[in-house]
Amino acid sequence: QATNRPPFFNGTNYTYWKARMKIFILAMDYEMWSIIENGPHIPTKNVNGLQTLKPENEWDDHDKKMTQLNFKAMNALYCALDPIEFNRISVCSTAKVIWDKLEVTHEGTNQVKESKINVLMHKYELFKMEPNESITQMITRFTDITNELKNLGKSYTNNDLVRKILRSLPKSWMPKVTAIEEAKDLKTLPLEELVGSLM
């Protein structure tokens, strides 16, 4: 897919699309992502100590630029959606409302998200290397769980992840685990380096 076109969303694998779309927007314009996250810029002025809306004929260049960014963000989102997903958000008036509507539709309300987090955290806590599973397969499974948690707002430190992987290995791996613990500082050991040491 061309890097200047937004990642396409057809209603499946929302978590994957959301992560890619966020990076796409940030790469286009950092302020554009702020508008999606926090809402559009509302041009105002101070009148007798009170903030009031500016008439459009009083907008300065900053007001025009920031207002246009909301429409650019809306356009990027429109271009990323198939007709069914577009119909869900076609009446939304700002990029933030579009983003929030897609999030609630595909991730659920805060209560639903909390429930998903609890299920994933349970999987994380019980995570173990399975019989006949390779390190690559194990790490892929582990990464799927932690990435889903991160996309739902729950993340772990690198140190937590390193220690969790070492605890997840069967007893037959204990000599290698001990060697890694003695040779490396687990507080600063990058996850990628740990995986390389286990391969």
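Quick note: numbers below take in every heavy atom, side chains included, and nothing from hydrogens, waters or symmetry partners. All of these numbers come straight from a predicted model, not from anything done at the bench.
Shown here is N57, whose CG atom has more than 12 heavy atoms of other residues, nucleotides or ligands within 6.0 Å. More than 12 heavy atoms of other residues, nucleotides or ligands lie within 6.0 Å of NZ in K176, so this atom counts as buried by the packing criterion. Residue I84 qualifies as open at atom CD1: its count of foreign heavy atoms under 6.0 Å is 12 or below.
Between H62 and H41, the ring planes are perpendicular. Angles over 60° get that label, and only those under 30° would be called parallel. Between H106 and Y14, the two ring planes are parallel [angle under 30°; tilted spans 30° to 60°].
Note that CG of L191 is 11.0 Å distant from CG of N159, once rounded to the nearest 0.5 Å. With rounding to the nearest 0.5 Å, the separation of NZ in K164 from CD in E125 is 7.5 Å. Note: K113 NZ to E107 CD = 5.0 Å, rounded to the nearest 0.5 Å. Between atom CD of residue E192 and atom CG of residue L189 there is a gap of 9.5 Å, rounded to the nearest 0.5 Å. The distance from atom NE2 of H122 to atom CG of N118, rounded to the nearest 0.5 Å, is 10.5 Å. To the nearest 0.5 angstrom, I135 atom CD1 is 3.5 Å from W173 atom CH2.
A salt bridge is defined here as a Lys NZ or Arg NE, NH1 or NH2 lying under 4.0 Å from an Asp or Glu carboxylate O, and K116 with E148 fails to meet this definition.
Residues F24 and F71 are members of one and the same hydrophobic cluster, defined by side-chain heavy-atom contacts under 4.5 angstrom among Ile, Leu, Val, Met, Phe, Trp and Tyr. Side-chain heavy atoms closer than 4.5 Å link hydrophobic residues (I, L, V, M, F, W, Y) into clusters, and following such links, even through other members, never connects V112 to L120.
The closest side-chain heavy-atom distance from P7 to K22 is not below 4.5 Å. The shortest side-chain heavy-atom distance between I89 and V97 does not fall under the 4.5 Å cut-off. Side chains of E193 and K184 form a contact here, defined as non-hydrogen atoms less than 4.5 Å apart. Side-chain contact between D82 and E85: present, with at least one pair of heavy atoms (C-beta onward) separated by less than 4.5 Å. Here the side chains of R167 and V177 are not in contact, with every heavy-atom distance at 4.5 Å or above.
Using a distance-only test at 3.5 Å, with no hydrogens or angles considered, a donor-acceptor pair links the side chain of Q137 to the main chain of S134. At distances below 3.5 Å, at least one donor-acceptor pair connects side-chain atoms of D63 with backbone N or O atoms of D60. Judged by distance alone, the side chain of K96 and the main-chain N or O of E37 form a donor-acceptor pair under 3.5 Å.
For the 3.5 Å distance criterion, the side chains of N147 and T143 fail to qualify, holding no donor opposite an acceptor.
In this structure, A95 and L77 approach most closely via the heavy-atom pair O-CD1, 3.8 Å. Scanning both residues, M121 and L149, for their nearest heavy atoms gives CG-CD2, 3.8 Å. Minimum heavy-atom separation, F9 to T12: CE1-O, 3.3 Å. Heavy atoms only, all atoms of each residue included: C92 and Y78 are closest at O-OH, 4.2 Å. Pairing each heavy atom of M174 with each of L166, the nearest pair is CE-O, 4.4 Å. Taking each heavy atom of S155 and K150 in turn, the nearest pair found is CB-CG, 4.3 Å.
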Set out, in order, the CA-CA distance, both residues' side-chain angles and the distance that settles side-chain contact (heavy atoms from CB on, under 4.5 Å) for T105 and R88, then state yes or no.
CA-CA 9 Å; T105 301; R88 291 185 201 279; 3.7 Å; yes

One pair to check against side-chain contact (heavy atoms from CB on, under 4.5 Å): Y124 and D160. What are the steps and the verdict?
CA-CA 11 Å; Y124 176 87; D160 288 336; 4.3 Å; yes

Show, in sequence, the C-alpha distance, side-chain angles and deciding distance for E133 and R141, and conclude whether the side-chain contact (heavy atoms from CB on, under 4.5 Å) test is met.
CA-CA 10 Å; E133 187 175 40; R141 222 167 30 89; 2.8 Å; yes

Under the side-chain contact (heavy atoms from CB on, under 4.5 Å) criterion, do L194 and L186 qualify, and how do the steps go?
CA-CA 9 Å; L194 170 66; L186 298 187; 5.8 Å; no

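Both the sub-6.0 Å distance and the 45° axial angle are not jointly satisfied by K123 relative to the ring of F127.
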